[in-house]
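We count ligands from 1, going down the list as the structure has it; atoms in each ligand are counted the same way. Numbers here simply count residues along the sequence, with the first being 1.
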Amino acid sequence: MAGCLFCKIIKGEIPSFKLFESDRTFAFLDINPLSKGHALVIPKFHGAKLTDIPDDQLSEILPVVKKLAAATGATNYNVLQNNGRIAHQVVDHVHFHMIPKPNEEQGLGVGWPQQATDMDALKALCEEIKAKM
Ligand code: AMP
Ligand code: ZN
């Protein structure tokens with residue numbers, strides 16, 4: 001898509017530190033890493049959110065994330081994929097972060113605001129979501 005930063009990186013119009021490329025998938029180092037080895041894996045198919053990408057364009061993503069996790073030697077790491085501004089998405093081309101977590105200070109910091117619920121509410125929600133899948 002014209003104007004998309006990551007589409008330009010795929011085309012080589014903007015330089016990147018490329019780690020992997022196939023017909024469907026591209027991976028490169030994040031330019032503002034949260035830790036050493038922080039990398040991004042993207043489908044070549046342009047779409048802003050995960051739900052915009054066809055299944056067949058996603059099938060290599062996790063295997064490549066896994067290869068990168070192994071290649072960096074990280075024993076602790078997070079895999080992150082943000083969708084929408086309020087969910088911290090800045091670049092509107094789907095991307096999966098592989099972020100080594102070498103210590104408490106570096107890597108991803110996560111807020112985890114657990115909500116109170118109960119078994120009846122969870123059961124009803126489970127049925128509601130399943131019915132739409
Ligand atoms: P997100 O907040 O999930 O949209 O993450 C976007 C990521 O893209 C950030 O971690 C940025 O550091 C990274 N980023 C932005 N521009 C570039 C670039 N030109 N090359 C590599 N990574 C980039
Ligand atoms: Zn794009």
Mode of Phe6 contact toward ligand 1 - side chain, backbone, both, neither (heavy atoms, under 4.0 Å) = side chain

Check each heavy atom of Leu34 against ligand 1 and say whether those closer than 4.0 Å belong to the side chain, the backbone, both or neither.
-> neither

Atom 11 (C) of ligand 1: which of Ile9, Asn32, Asp30 has the nearest heavy atom?
-> Asp30

re atom 20 (N) of ligand 1, the protein heavy-atom contact at minimum distance is Ile31 CB, 3.6 Å

Taking distance alone, with no angle check, do [X] and ligand 1 share an N/O pair under 3.5 Å?
X     : answer
Leu40 : no
His95 : yes
His88 : yes
Val91 : yes

Write down the atom of [X], the atom of [Y], and the distance for their closest heavy-atom approach.
X     : Y      : answer
Ala27 : Leu68  : CB-CD1, 4.1 Å
Gln89 : Val91  : NE2-O, 3.0 Å
Val64 : Thr25  : CG2-CG2, 4.2 Å
Met98 : Pro100 : O-CD, 3.5 Å
Ile99 : Ser35  : CG2-OG, 3.7 Å

Atoms of ligand 1, numbered as shown, that sit under 4.0 Å from any heavy atom of [X]:
X     : answer
His97 : 1 (P), 3 (O), 5 (O), 7 (C), 10 (O)
Gln89 : 4 (O)
Val90 : 1 (P), 2 (O), 4 (O)
Phe28 : 21 (C), 22 (N)
Leu5  : 16 (N)

Of all the N, O or S atoms in His93, which one sits nearest to the Zn ion (ligand 2)?
-> ND1

On the 0 to 90° scale, with breaks at 30° and 60°, tag the His93-His46 ring pair as parallel, tilted or perpendicular.
-> perpendicular

Close side-chain approach of [X] and [Y], heavy atoms under 4.5 Å:
X     : Y     : answer
Gln57 : Lys44 : no
Lys18 : Phe26 : yes
Val41 : Lys67 : no

Report, as yes or no, whether the 6.0 Å neighbourhood of atom CD1 on Ile86 holds more than 12 heavy atoms from other residues, nucleotides or ligands.
-> no

Can you give the angle His46 ND1 - the Zn ion (ligand 2) - Cys7 SG, rounded to 10°?
-> 110°

Applying a strict 4.0 Å limit to heavy atoms, is Leu29 in contact with ligand 1?
-> yes

